[in-house]
> 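Supplied in structure tokens, the structure appears directly below.
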Amino acid sequence: MQKMMGLMRKCIDDYHMISPGDKIAVGVSGGKDSLTLLTVLAALRSYYPAPFELTAITIDMGLGGMDFSPVEALCRSLDVGFYCKKTEIGPIIFDYRKEKNPCSMCAKMRRGALNDLAKECGCNKVALGHHRDDALETLLLCLLHEGRIHTFHPKSYLSKADLTVIRPMVYLPEKHIIHVAREMQLPIIPSPCPANGATEREEMKYLLDSLCKLYPNAREMMLSALQNEAQ
């Protein structure tokens with residue numbers, strides 16, 4: 001936990017993610033990444049030199065079978081407000097449009113709904129639970145499917161929404177998050193998404209794992225390359 005706190009704080013400081021008086025909405029899906037982010041940010045809030053407020057926001061995709069009451073209970077224990085917005089994103093994508101490759105449209109619709117909810121809650125920043133492996137998988141997706149070297153930024157300003165998106169866990173390996181989430185017994189909610197486990201991102205995860213079998217420090221070197229590119 002302490003190592004995770006240190007890496008998160010370094011990332012926050014390196015990219016100047018938090019300023020005094022910020023109202024940060026943490027996008028909480030119920031997965032291990034977002035719940036870990038919420039828990040660590042809540043702990044950081046008590047001693048970080050720049051005072052900030054936290055709110056947890058959740059987008060209910062309308063897929064059914066998701067009970068967010070354990071997440072709400074966690075938020076109460078952390079003294080964090082919890083807001084859940086019900087949508088029909090799932091039925092629109094899978095039942096009405098019957099998308100063959102649903103991930104891109106789903107991500108776009110979820111981001112829009114999440115940003116709208118953050119604004120409704122009076123927040124000026126949205127924190128997302130993307131980690132180091134997510135960044136590298138996105139890099140491979142863009143390289144192999146779009147022919148460009150690109151991944152998401154640790155911090156970005158959305159002018160249309162007037163929101164800043166921060167990703168404080170981008171230095172963290174996924175394996176550390178898995179360990180901490182298990183150690184803290186976080187109330188992880190399994191995803192009911194019909195496409196879960198059968199996406200292009202899963203292919204990139206497999207490719208990255210295969211690459212690291214040949215080059216054990218491949219993840220560290222790829223992250224370093226991205227940091228050098230951004231300078």
Side-chain angles (χ1 to χ4, degrees), residues 1-13 15 17-19 21-61 66-87 107 110-111 113-135 152 154-156 163-191 193:
M1 180 66 170
Q2 288 302 116
K3 185 175 183 179
M4 174 174 285
M5 293 278 284
L7 284 172
M8 271 187 59
R9 179 157 184 180
K10 177 172 171 50
C11 185
I12 290 169
D13 291 343
Y15 291 95
M17 291 183 176
I18 297 178
S19 300
D22 276 345
K23 295 183 178 180
I24 303 173
V26 182
V28 178
S29 65
K32 69 181 188 316
D33 303 331
S34 60
L35 292 176
T36 300
L37 173 63
L38 174 66
T39 304
V40 177
L41 278 179
L44 187 66
R45 177 184 52 181
S46 64
Y47 66 86
Y48 195 69
F52 64 92
E53 298 178 23
L54 276 184
T55 297
I57 58 174
T58 293
I59 300 302
D60 187 329
M61 300 281 290
M66 296 198 77
D67 176 15
F68 291 104
S69 58
V71 174
E72 188 172 10
L74 174 66
C75 289
R76 282 197 301 270
S77 72
L78 297 173
D79 192 25
V80 172
F82 174 72
Y83 299 89
C84 182
K85 183 173 185 176
K86 294 185 179 296
T87 72
R110 280 189 295 114
R111 282 197 302 269
L114 198 71
N115 292 342
D116 288 345
L117 184 53
K119 295 294 286 185
E120 290 172 21
C121 293
C123 297
N124 66 311
K125 289 183 177 176
V126 175
L128 301 178
H130 296 123
H131 47 67
R132 182 189 70 180
D133 296 75
D134 287 327
F152 50 73
K155 177 184 176 183
S156 54
L163 284 169
T164 297
V165 175
I166 60 174
R167 297 175 170 91
M169 298 203 302
V170 79
Y171 288 173
L172 289 169
E174 184 177 23
K175 62 183 181 181
H176 288 182
I177 296 169
I178 293 171
H179 173 74
V180 169
R182 186 182 297 124
E183 188 178 65
M184 293 190 296
Q185 297 182 319
L186 296 178
I188 296 170
I189 302 173
S191 171
C193 176

> List the atom of L41, the atom of A127, and the distance in Å for their closest heavy-atom pair.
CD1-CB, 4.1 Å
> How close do M5 and A43 get, heavy atom to heavy atom, and via which atoms?
CE-CB, 4.1 Å
> Looking at CG of L7 and CD1 of I12, how far apart are the two atoms once the value is rounded to the nearest 0.5 Å?
11.0 Å
> Any side-chain heavy atom of L78 within less than 4.5 Å of one from L54?
no
> Is the number of heavy atoms from other residues, nucleotides or ligands within 6.0 Å of NE2 (H179) greater than 12?
no
> On a heavy-atom basis, which atom in R9 and which in P49 lie closest, and how many Å separate them?
NH2-CD, 3.3 Å
> Between A42 and V80, which heavy-atom pair has the shortest distance, and what is it?
CB-CG2, 4.4 Å
> Decide yes or no on side-chain contact (heavy atoms from CB on, under 4.5 Å) for L128 and L114, but give the supporting numbers first.
CA-CA 10 Å; L128 301 178; L114 198 71; 3.6 Å; yes
> How close do D33 and M169 get, heavy atom to heavy atom, and via which atoms?
O-CE, 3.2 Å
> CD of Q185: more than 12 outside heavy atoms within 6.0 angstrom?
no
> Evaluate side-chain contact (heavy atoms from CB on, under 4.5 Å) for L37 paired with M8, printing each intermediate quantity in order.
CA-CA 9 Å; L37 173 63; M8 271 187 59; 3.8 Å; yes
> Would you say the side chain of D13 lies within less than 4.5 Å of the side chain of Y48, judging by non-hydrogen atoms?
yes
> With heavy-atom distances below 4.5 Å as the criterion, would you say the side chains of K85 and Y83 are in contact?
no
> Could you grab the distance from atom CG of L172 to atom NZ of K10, nearest 0.5 Å is fine?
12.5 Å
> Out of curiosity, L35 CG to I177 CD1, how far, rounded to the nearest 0.5 Å?
11.5 Å
> How many angstroms lie between atom NZ of K155 and atom SG of C11, to the nearest 0.5 angstrom?
11.0 Å
> Between CD1 of I57 and CG of L117, what distance do you get to the nearest 0.5 Å?
4.5 Å
> Could you check if a side-chain atom of S156 sits within less than 4.5 angstrom of a side-chain atom of R167, using non-hydrogen atoms only?
yes
> Hey, could you give me the NZ/CZ distance between K86 and F68, rounded to the nearest 0.5 Å?
8.0 Å
> Whether the side chain of K32 engages the backbone of E174 through a donor-acceptor N/O pair (distance < 3.5 Å, no angle test) should be reported.
no
> What's the shortest heavy-atom distance between C75 and A56, and which atoms?
SG-CB, 3.6 Å
> Show the numbers, then the answer: is there a side-chain contact (heavy atoms from CB on, under 4.5 Å) between M17 and T164?
CA-CA 9 Å; M17 291 183 176; T164 297; over 6 Å; no
> Taking C-beta and beyond as the side chain, do C123 and V126 meet within less than 4.5 Å on heavy atoms?
no
> Output yes when a side-chain donor or acceptor of D22 lies under 3.5 Å from a complementary backbone atom of I24, and no otherwise.
no
> Sequence neighbours excluded, which residues qualify as salt bridge (charged side-chain N to carboxylate O under 4.0 Å, His left out) partners of D133?
R219
> When you look at L74 and F82, which way does the side-chain contact (heavy atoms from CB on, under 4.5 Å) test go after all the steps?
CA-CA 9 Å; L74 174 66; F82 174 72; over 6 Å; no
> Using a 4.5 Å cut-off on heavy atoms from C-beta on, say whether the side chain of D79 contacts that of R45.
yes
> Within the structure provided, determine whether R111 and V165 are in side-chain contact (heavy-atom separation under 4.5 Å).
no
> Check for a donor-acceptor pair, side chain of T58 on one end and backbone N or O of V28 on the other, with a separation under 3.5 Å.
yes
> Side chains of Y47 and L44, heavy atoms from C-beta outward: is any pair under 4.5 Å?
yes
